[in-house]
Amino acid sequence: MPREQKLLSDIDDQASLRFQVLLIKFYQYEPSMEGKDPAEVIREALAQTLVCYYPFAGRLREGANGKLIVDCTGEGVMFIKADADVTLEQFGEPLRHPFLCFDELLYNIPGSEGMLNCALLLIQVTRLKCGGFIFALRLNHVMSDGAGLAQFLFTLGEMARGVTTHLISPIWERHLLDARHPARIIFTHREYDEMEAPVTTPITIFPLDNPIQHFFSFSFAEVSLLRSLLPPYLRRCTTFELITACLWSCRTLAINLDPDEEVRMLCVVNARSKFNPSFPSGYYGNVFVFPAAITTVKSLHGKPLGYVMELIKQAKASVTEEYVKSVAALMVAWGKQIHIPNFIGTYMISDLTKAGLEDIDFGWGKAVFGGPMIAVGLISLLMPTKNTKGEVGRVALVCLPAPAVERFAKELENLLKHQASEGKKSKSNSISSAL
């Protein structure tokens, strides 16, 4: 491995991404792999994968003005082999959050979770008594976004299976997302602004008391119902946009804010396709921004779902190559002083439905579940799911106090019932069946 220092991009090392990503994947027993130890197979494949992804084996240092640098020391990553006296079936069918004893499925080695001078990657393979196993991972987010992590894990899976003919060569090139010189902030980046509130109402800072993890399911039929109430020109929206609008509305009502308080949805946009020429396929750094859709509580409550959808679409459409470079310039200008405000009225949903995390195969077939371990603070997670009939749907994992979760569920139920009744009243509504 080359001994060198590599600068992260101005998008990578922003304060808002300085946290750990937790991922978990469940695998069934595979008769053809009888006698093979999944922990050893993955450990050996990891050693091979790190030859080309060698920055993961380094350590983060902080340079001038807080700039993060990867010191490629070759110190390695952390790997844990564990056994559990349980079967895959005991985790439930279908597999869904929250997972019991998740802290034992990814042991937090004391002193290992820091940003600087710590291992950038922790992997634990837990073998189950049924012959299946659990793969869990912790990654420092400044190194990769979801697409970059998926690329790394697909390479790991190929190495584990001994297939190396279709590998995408990793590309560092983090300078592609550095601010121009001189740095120019040419957009108003409301996603990083302090929020506004009525004079008599203080802004509520997250976390609220005793937040819990809870999932909300969206079946094929429910997605169609939600789509049916949109104006015709909005019905071709993506399923993610549709569910985002729905969750934002329900969550805002569930957290009981003042009607005049400002709320915002940070729309996560993968900006790889926004560049000309587009990004090289092997780039595994962070290439996303999160423009803000902004309104008030009473507007979300009093206006139809189409209004919310318009806000989301407008925010997403604002992202261009110039927008991304403007975010990078903002990071250079303000450094660690600027980050996403930790207010309960700020919300973000990370779309993992197309990441393909469940498709990664170490030789035991595809995962029966692949996704993040937990929702974090203001961020909810949207993942693919299948019911017992094999029908594809979506699951949203949210983090809120128990009373707010109950109100959230009630608002969602009311929204779906309203849409169903509206559909009965107007048979002229065309219901889309596209997920």
Side-chain angles (χ1 to χ4, degrees), residues 11 14-21 141 185 187-214 216 243-269 286 288-303 307-308 311-312 314-316 318-319 327 330-331 333-351 372 374-382 396-408 411-412:
I11 297 294
Q14 61 181 295
S16 298
L17 295 185
R18 298 189 180 195
F19 66 93
Q20 306 285 346
V21 176
H141 201 332
I185 304 170
F187 288 84
T188 301
H189 296 286
R190 296 292 311 279
E191 59 268 36
Y192 297 100
D193 281 356
E194 295 297 310
M195 297 187 70
E196 299 178 2
V199 175
T200 58
T201 306
I203 289 287
T204 305
I205 297 176
F206 199 89
L208 296 174
D209 293 336
N210 303 316
I212 62 171
Q213 305 282 319
H214 192 83
F216 294 93
I243 293 177
T244 295
C246 175
L247 293 179
W248 187 19
S249 296
C250 294
R251 179 185 184 275
T252 301
L253 296 175
I255 56 181
N256 280 343
L257 297 178
D258 185 281
D260 293 321
E261 188 164 331
E262 183 182 272
V263 289
R264 65 187 66 180
M265 167 60 72
L266 305 187
C267 303
V268 181
V269 177
N286 291 283
F288 70 93
V289 290
F290 22 80
I294 301 173
T295 188
T296 61
V297 173
K298 64 184 177 185
S299 291
L300 277 187
H301 180 66
K303 296 185 178 182
Y307 165 79
V308 186
L311 292 176
I312 292 169
Q314 288 168 10
K316 291 179 64 179
S318 70
V319 176
V327 172
L330 188 70
M331 297 303 116
W334 291 94
K336 289 190 292 183
Q337 299 176 50
I338 191 165
H339 53 82
I340 297 173
N342 192 34
F343 299 137
I344 192 67
T346 297
Y347 191 31
M348 180 187 295
I349 302 175
S350 181
D351 183 13
I374 56 174
V376 182
L378 305 170
I379 306 173
S380 288
L381 306 160
L382 189 67
L397 182 64
V398 303
C399 180
L400 284 172
V405 167
E406 293 175 9
R407 293 191 293 269
F408 195 123
E411 292 297 338
L412 180 58

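Numbers here are sequence positions counted from 1.
- Just one residue in the list Val263, Leu400, Val297 forms a side chain to side chain contact (heavy atoms under 4.5 Å, CB included) with Ile255, and that residue is Leu400.
- Looking at heavy atoms from C-beta onward, Arg264 lies in side-chain contact with Asp193 at the 4.5 angstrom threshold.
- The ring pair (Phe, Tyr, Trp, His ring centres under 6.0 Å) search around His141 returns Phe19, Phe288, not counting sequence neighbours.
- In this structure, Leu266 and Thr346 have side chains that are in contact, with non-hydrogen atoms separated by less than 4.5 Å.
- In terms of heavy atoms, Cys250 sits closest to Glu411 at SG-C, 3.8 Å.
- Shortest non-hydrogen contact noted between Cys267 and Ala293 is SG-CB, 4.4 Å.
- Leu378 places none of its side-chain heavy atoms less than 4.5 Å from the side chain of Met348.
- Note: Ile185 CD1 to Trp334 CH2 = 8.0 Å, rounded to the nearest 0.5 Å.
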Does Thr244 form a side chain to side chain contact (heavy atoms under 4.5 Å, CB included) with Tyr347? I'd like the steps, not just the answer. CA-CA 10 Å; Thr244 295; Tyr347 191 31; over 6 Å; no
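- Side-chain contact between Leu330 and Phe187 is absent, with no heavy-atom pair separated by less than 4.5 Å.
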Take Val398 and Arg251, measure what side chain to side chain contact (heavy atoms under 4.5 Å, CB included) needs, and give me the verdict at the end. CA-CA 9 Å; Val398 303; Arg251 179 185 184 275; over 6 Å; no
Set out, in order, the CA-CA distance, both residues' side-chain angles and the distance that settles side chain to side chain contact (heavy atoms under 4.5 Å, CB included) for Leu253 and His301, then state yes or no. CA-CA 7 Å; Leu253 296 175; His301 180 66; 3.1 Å; yes
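- Note that CD1 of Ile349 and CD1 of Ile312 are 7.5 Å apart. Values are rounded to the nearest 0.5 Å.
- Smallest separation of non-hydrogen atoms from Ser318 and Pro291: OG-CB, 3.7 Å.
- Side-chain atoms of Ser16 come within 3.5 Å of backbone atoms of Ile340 as a donor-acceptor pair (strictly under, hydrogens ignored).
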Given the rule in the side chain to side chain contact (heavy atoms under 4.5 Å, CB included) test, do Asn286 and Gln14 qualify, once you have shown the distances and angles that lead to the verdict? CA-CA 10 Å; Asn286 291 283; Gln14 61 181 295; over 6 Å; no
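- Side-chain contact between Leu412 and Cys246 is present, with at least one heavy-atom pair separated by less than 4.5 Å.
- Note that CG of Asp351 and OG of Ser380 are 12.5 Å apart. Values are rounded to the nearest 0.5 Å.
- Taking 4.5 Å as the limit, every side-chain heavy atom of Val308 sits out of range of all side-chain heavy atoms of Met265.
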